[in-house]
Amino acid sequence: MKFGYFDDLNREYVITRPDTPLPWINYLGCESYFGIISNTAGGYSFYRDARLRRLTRYRYNSVPLDCGGRYVYLRDDESKEFWSPSWQPTRHELEDYTCRHGMGYSVVGSSFRGIEAHTRYFVPLNESLEIWQLTVTNRRTTRATVSAFGSIEFCLWDAQDDSNNFQRNFSIGEVEIEDGVIYHKTEYRERRDHFAFFACSRSGAGFDTQREAFLGHNRGWDKPATVEAGQLTNSVAHGWSPIGAHQVRLDLAPGETQQIVFVLGYHENPNDQKFDPPGSQTINKKSVKPVIARYLDSKAADVAFDRLREYWNSVLGIFQVDTPDIHTNRMVNIWNAYQCMATFNMSRSASFFESGVGRGLGFRDSNQDLLGFVHMAPARARERILDLAATQLASGGAYHQYQPLTKRGNNDIGGGFNDDPHWLIVGVSAFLKETGDWSILDEPVPNDNEPGSEVPLYDHLLRSFRYTLERLGPHRLPLIGRADWNDCLNLNCFSSTPGQSFQTTTSKDGKVAESVFIAGLFVHAGRELAAIASHRGRSCEAAACLDEVAKMEQAVLQHGWDGDWFLRAYDDFGDKVGSRECKEGKIFIESNGFCVLAGIGLEDGKAARALAATREHLATPHGLVLLQPAYSKYYLNLGEISSYPPGYKENASIFCHVNPWVMISETRLGNGDEAHDYYTRINPSAREEISDVHRCEPYVYAQMIAGRDAPTFGEAKNSWLTGTAAWNYFAITQWILGVRTTFDGLQIAPVIPASWPGFTARRNFRGVVYEISIERKGVGNRIALTVDGNPIEGNIVSPPTDNRKQVLIKGILG
Ligand code: BGC
Ligand code: NOJ
């Protein structure tokens with residue numbers, strides 16, 4: 001069952017009924033001002049930090065689920081009926097409801113008794129504000145008098161206080177109203193140098209700024225008393241709950257269309273120019289007024305919207321493919337790339353599954369996210385890498401997270417996740433391969449942001465590598481620390497206290513439990529580092545690195561092989577995890593996926609056996625589950641992984657982040673059919689037809705799909721902010737389609753299904769557009785390439801030595 005359809009030409013998903021199984025959301029904003037918007041206009045906005053600079057309120061985990069948003073109401077001033085064109089919050093019956101989620105914008109609307117209304121929500125490039133363009137058309141044969149209301153609830157205070165210190169909030173709310181613009185200036189009198197505003201192109205018919213005045217006593221957003229009565233009250237909030245609401249009266253001839261523009265924004269003033277006149281408590285509005293005036297003009301708003309479309313055309317235009325599979329095309333060309341940008345911007349902080357107040361940017365997560373977006377925003381990738389590396393410690397260890405506003409490591413969670421440092425190598429290597437910008441390695445980067453401690457970024461990479469060598473366990477495999485990629489495999493935690501954090505509790509000295517996954521990651525990252533070192537002319541360092549890699553490979557083959565697959569770990573007792581000797585959790589995806597990805601066991605057949613076992617034990621029609629058999633009870637020595645009921649999250653769900661490791665591994669063995677089959681099983685577009693089972697958005701990946709041990713097998717959860725986005729993008733583009741960035745040029749090495757006659761792609765790589773066409777002439781993966789008509793040796797196309805900006809690559813596969 002479907003709830004809408006893909007409009008690929010417009011790069012939109014069109015939702016045709018408001019009652020999607022969960023709110024299906026989209027992101028607004030590209031750089032510093034962001035919003036989340038659901039298909040019924042729920043959600044919230046913030047400037048850079050969803051906790052400290054949140055503009056509007058949202059009630060998580062509430063009933064109904066989608067509560068708080070950018071709400072528009074319409075009222076027929078003759079019949080006195082009122083409704084919301086976005087369905088929420090009135091949930092009035094509507095005709096022709098549609099929500100078009102597009103690239104950085106959403107258009108939500110419907111018709112009701114001949115009044116058609118749609119609101120287009122978007123954030124203009126380079127601005128810290130959002131525009132709502134409400135278009136109302138009278139489809140009746142008679143005149144219509146309609147009141148339109150736009151409303152939001154302000155929240156420019158520490159969003160966490162909303163749940164634990166709201167007694168303070170009840171007394172600090174302040175607003176100003178000037179020229180019909182509502183300014184929210186809570187805490188501006190003290191340390192904030194910023195405020196929010198909510199403006200309307202046709203103010204005058206009324207406003208409200210106090211929630212209770214707008215909604216009426218004991219009422220909710222579904223039935224505001226003022227909307228019902230058809231008149232706002234011009235309330236001025238002092239304390240309690242400041243809101244912004246504007247009323248506009250429309251008189252529409254039959255067939256007539258009118259547009260109202262609402263602008264919601266964030267603005268900063270220099271600290272010494274906060275007030276006007278100086279010494280007063282009145283906001284200095286000199287610099288904000290022209291910005292507001294500009295965007296209240298429909299034409300200026302249209303121009304800003306067109307620029308946003310152009311921006312996305314150019315970003316997505318960097319890589320476009322045409323394959324025989326529509327789901328591949330749609331995800332690569334549009335939605336997967338788009339999701340990669342969202343994960344880059346948000347890390348794991350603000351979605352409909354993450355509150356935005358809890359987590360900073362993950363070290364591991366952000367580095368992996370690079371794999372998916374580095375080609376779309378190389379300059380921002382560079383900045384992100386340097387920020388991340390600046391939180392690294394002298395030991396090579398890393399804070400698990402950093403705060404986006406301060407860019408400092410987060411002390412509350414600390415470090416000790418022993419895989420973390422290696423992801424920096426993986427991220428930097430992806431950056432170098434994409435950009436060829438080797439200068440980044442010479443950038444001076446401090447430890448833990450300590451001025452004076454700067455060393456070249458390159459040295460940080462060496463430290464990352466050494467970090468593991470200084471932390472080897474009894475089998476010369478890497479000690480796991482608090483956890484590795486799998487945050488829930490807590491082998492040193494031993495927590496028996498309810499509510500204690502599995503992430504930060506460590507009850508063992510951590511000198512025994514080892515991770516075969518980190519070993520695989522070490523081998524992979526070590527090879528990347530060696531290649532980087534030799535490129536820099538550091539051949540001794542490269543050789544030393546490869547030497548350690550070889551030793552680790554041996555340790556894995558000797559102590560990390562279980563007979564038919566790779567072991568997952570050794571626990572604190574030195575007992576095996578992920579072994580046939582175990583009662584539960586006999587086989588895990590991570591070590592098998594990553595060891596083969598790293599090339600371990602390719603020669604002696606172990607890789608092939610590991611993948612065969614993975615297929616046999618972990619593959620389901622909805623994707624590969626993380627482990628089998630699921631843990632049926634809590635194991636003190638394993639931690640959070642066994643806290644989840646079987647089939648959910650790390651306990652044997654289809655954890656979509658790690659499925660691509662197996663896809664890539666399959667391509668390393670030349671198995672295009674298998675790789676693409678796994679790709680399709682979790683591809684959200686390919687699952688659109690079962691939206692009633694999948695339940696999350698069919699246009700983006702979710703972190704997990706319930707595994708076969710769960711009663712809800714096939715149900716997705718935690719959509720949007722997940723490493724799944726980057727890894728699937730990386731797997732399909734670089735390994736299955738095989739258009740792969742390397743230090744020396746663009747490699748063309750497709751491992752595609754046998755049934756595909758070929759595909760074409762266009763890739764903008766380091767300023768040159770490569771037009772690629774692949775034709776299958778046989779069943780194998782061998783490729784013969786011609787570049788601008790000339791056959792080349794091997795499969796790496798070096799950048800043109802002349803000034804050509806366009807290169808034609810033809811590949812014969814077979
Ligand atoms: C989740 C993990 C997550 C971790 C850290 C756990 O509860 O299951 O997926 O990585 O929390 O936030
Ligand atoms: C989500 C976390 O953000 C990520 O860092 C982790 O690797 C996975 N969960 C697996 O636990």
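Just so it is clear, the structure is predicted and the values come from calculations on it, not from any experiment. For this chain, numbers begin at 1 and follow the sequence in order. When a ligand or atom number is given, it counts from 1 through the structure's own listing order.
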query = Any heavy atom of Gln703 sitting closer than 4.0 Å to ligand 2?
reply =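 Flag set, Gln703 near ligand 2.
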task = For ligand 2, indicate whether the residue Glu650 contacts it via side chain, backbone, both or neither (heavy-atom separation under 4.0 Å).
result = side chain
Region of Asp365 engaging ligand 2 - heavy atom pairs below 4.0 Å =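 Near ligand 2, Asp365 shows its side chain, while the N, CA, C and O stay back.
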message = Just so I know, are the side chains of Tyr699 and Gln339 near enough to count as touching, which here means a heavy-atom distance under 4.5 Å?
response =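 Sidechains of Gln339 and Tyr699: no contact.
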Which of the atoms in ligand 1, numbered in the order shown and given with their element, are less than 4.0 Å from a heavy-atom of [X]?
X: Asp487; answer: 3 (C), 4 (C), 5 (C), 10 (O)
X: Tyr644; answer: 1 (C), 6 (C), 7 (O), 8 (O)
X: Gln703; answer: 9 (O)

request  = Flag yes if more than 12 heavy atoms outside Asn61 fall under 6.0 Å of its CG atom; otherwise flag no.
outcome  = no
request  = Before giving the answer on salt bridge (Lys or Arg N to Asp or Glu O under 4.0 Å), spell out for Lys407 and Glu383 the whole-Å C-alpha distance, their side-chain angles and the decisive distance to 0.1 Å.
outcome  = CA-CA 11 Å; Lys407 298 191 170 177; Glu383 185 189 349; 3.2 Å; yes
message = Does only the side chain of Phe502 get under 4.0 Å from ligand 1, or the backbone, or both, or neither? Count heavy atoms.
response = neither
Proximity to ligand 1 by part of Arg348, non-hydrogen separation under 4.0 Å = neither
Between the side chains of [Y] and [X], is the shortest nitrogen-to-carboxylate-oxygen separation below 4.0 Å, so that they form an ion pair?
X: Asp487; Y: Arg364; value: yes
X: Arg695; Y: Glu715; value: yes
X: Arg382; Y: Glu434; value: no

key: salt bridge (Lys or Arg N to Asp or Glu O under 4.0 Å) evaluation trace for Asp162 with Arg51   = CA-CA 10 Å; Asp162 255 355; Arg51 174 174 162 188; over 6 Å; no
query = Which of the numbered atoms in ligand 2 are below 4.0 angstrom from a heavy atom of Asn486?
reply =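 It comes down to these atoms of ligand 2: 11 (O).
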